[in-house]
Amino acid sequence: MSEPLLVVISGPSGSGKSTVEARILAEMPGLLFSVSHTTREPRSGEENGRDYFFVAEAKFRDLISQGAFLEWAEVHEKLYGTSLAELERARLEGKDLVLDIDVQGAAQIKKAYPGAVTIFLRPPSVAVLTDRLRGRASDTAEVVAVRIKNATGEIQRASEFRHVVVNDHLDATVDTVKRIIETERAQKRS
Ligand code: ADP
Ligand code: 5GP
């Protein structure tokens with residue numbers, strides 16, 4: 001059984017990661033979404049165990065001390081982490097794993113798994129990002145402000161990624177990301 005390909009998708013909040021991931025997971029066979037743990041509150045419509053495992057900070061800290069995480073980081077004042085169990089699930093199901101993680105988590109994965117495919121989704125501009133974050137209407141104004149404040153620093157780290165995709169038109173972005181995964185899968189096999 002071959003090891004799963006790790007497909008890391010990062011980008012500032014509102015760059016379109018969840019939207020693009022939902023499309024590629026629906027349209028490409030053999031992909032599994034890595035369900036992270038987080039200490040942030042669920043947004044309306046989010047489901048525990050499907051979008052995230054929502055846990056209290058004490059539980060998250062216990063998991064860190066148990067060595068349960070492949071990587072974890074503090075992002076926008078909350079804790080987020082990928083459990084080793086998600087990689088194991090991909091191995092058992094014989095699928096490639098899609099990780100929606102921040103730039104700090106991506107750096108940790110790159111170090112531990114040099115074969116990981118790293119994709120940075122960029123918004124066309126910070127102004128467009130701001131509009132999309134406000135338009136999503138899922139966060140309070142304070143939460144949106146923190147995310148916009150952090151976006152510039154995150155965008156500056158785009159060059160650490162193997163692929164940078166500007167998410168202007170959604171269909172074009174989805175096609176590009178699918179093509180990247182297909183190419184990386186073919187290279188891994190050869
Ligand atoms: P992220 O997961 O990176 O935080 P989302 O996928 O939630 O971002 O996208 C933020 C908002 O922008 C959502 O309302 C989504 O529908 C919208 N969006 C995503 N991609 C595009 C696009 N290419 N053009 C216009 N709106 C988009
Ligand atoms: P959101 O709260 O919008 O779902 O996610 C906020 C940020 O946390 C995004 O940049 C997202 O990629 C990141 N994130 C989600 N899960 C993880 C994780 O398991 N590890 C790390 N390092 N970042 C994560």
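Atoms within a ligand are numbered from 1 in the order they appear, just like the ligands themselves. None of the values given here were measured: they were computed from a predicted structure. By convention here, the first residue in the shown sequence is residue 1.
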Counting both backbone and side chain atoms, is some N or O of [X] under 3.5 Å from an N or O of ligand 2?
X	value
R136	no
S36	yes
T82	yes
G81	yes

With heavy atoms of L170 as the reference, note each atom of ligand 1 found under 4.0 Å away.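 Near L170, the atoms of ligand 1 are 23 (N).
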In the protein, what heavy atom is nearest to [atom], and what distance, to one decimal place, separates them?
atom	result
atom 9 (C) of ligand 2	K17 CE, 4.0 Å
atom 5 (O) of ligand 2	Y52 OH, 3.4 Å
atom 2 (O) of ligand 1	S18 OG, 2.7 Å
atom 6 (C) of ligand 2	Y80 OH, 3.5 Å
atom 20 (N) of ligand 1	N167 ND2, 3.1 Å
atom 25 (C) of ligand 1	R132 NE, 3.5 Å
atom 7 (O) of ligand 1	R136 NH1, 2.8 Å
atom 8 (O) of ligand 1	G16 N, 3.1 Å
atom 6 (O) of ligand 1	T19 OG1, 2.5 Å
atom 10 (O) of ligand 2	D102 CB, 3.8 Å

Taking N167 for its side chain and L121 for its backbone only, find out whether a donor-acceptor pair lies under 3.5 Å.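 No: the side chain of N167 does not pair with the backbone of L121.
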Measure from the side-chain N and O atoms of T38 to the backbone N and O of Y80, and report whether any donor-acceptor pair falls under 3.5 Å.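 Here the side-chain-to-backbone pair does not exist.
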Looking at R91 and E3, is any side-chain nitrogen of the basic one under 4.0 Å from a carboxylate oxygen of the acidic one?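 Judged by the 4.0 Å cut-off on N to carboxylate O distance, E3 and R91 do form a salt bridge.
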Minimum-distance pair of heavy atoms, taken over all atoms of [X] and [Y]:
X	Y	answer
R50	V35	O-CG2, 3.5 Å
D51	G45	OD2-O, 4.1 Å
A151	L129	CB-CD2, 3.5 Å

For [X], which part has a heavy atom under 4.0 Å from ligand 2: side chain, backbone, both, or neither?
X	result
Q104	neither
V75	side chain
E71	side chain

What atoms of ligand 2 come within less than 4.0 Å of a heavy atom belonging to [X]?
X	result
G105	22 (N)
A73	22 (N)
D100	11 (C), 12 (O), 14 (N), 15 (C), 16 (N), 17 (C), 24 (C)
R40	1 (P), 2 (O), 4 (O)

Those residues that, when tested against H163, pass ring-ring contact (aromatic ring centres under 6.0 Å, His included) (two or more places apart):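 Applying ring-ring contact (aromatic ring centres under 6.0 Å, His included) to H163 gives none.
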What pairs meet the ring-ring contact (aromatic ring centres under 6.0 Å, His included) rule with one or both residues in residues 111-144, with sequence neighbours excluded?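 Counting only pairs at least two positions apart or across chains, the ring-ring contact (aromatic ring centres under 6.0 Å, His included) contacts touching residues 111-144 are F120-F161.
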Does [X] have a heavy atom less than 4.0 Å from any atom of ligand 1?
X	value
S15	yes
G14	yes
D168	yes

Aromatic centroids of F69 and F60 separated by under 6.0 Å: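 Yes, the ring of F60 comes within the 6.0 Å limit of the ring of F69, centre to centre.
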Applying the side-chain hydrogen bond (donor to acceptor under 3.5 Å, both in side chains) test to R40, which of E46, H76, E77 qualifies?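 So the option named by the test is E46.
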Looking only at the side chains, is there a donor atom on one of E57 and T39 sitting less than 3.5 Å from an acceptor on the other?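 No donor-acceptor contact under 3.5 Å links the two side chains.
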Decide whether an N or O pair under 3.5 Å exists between H169 and ligand 1.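 Not met; the criterion fails.
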Under a 4.0 Å heavy-atom limit, does T173 contact ligand 1 with its side chain, its backbone, both, or neither?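 For T173, there is no contact with ligand 1 at all, from either part.
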Report yes or no: does a heavy atom of R147 sit under 4.0 Å from some atom of ligand 2?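 Within the 4.0 Å threshold, so yes.
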Contact between R43 and ligand 2, counting heavy atoms under 4.0 Å?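 Under 4.0 Å: yes for R43.
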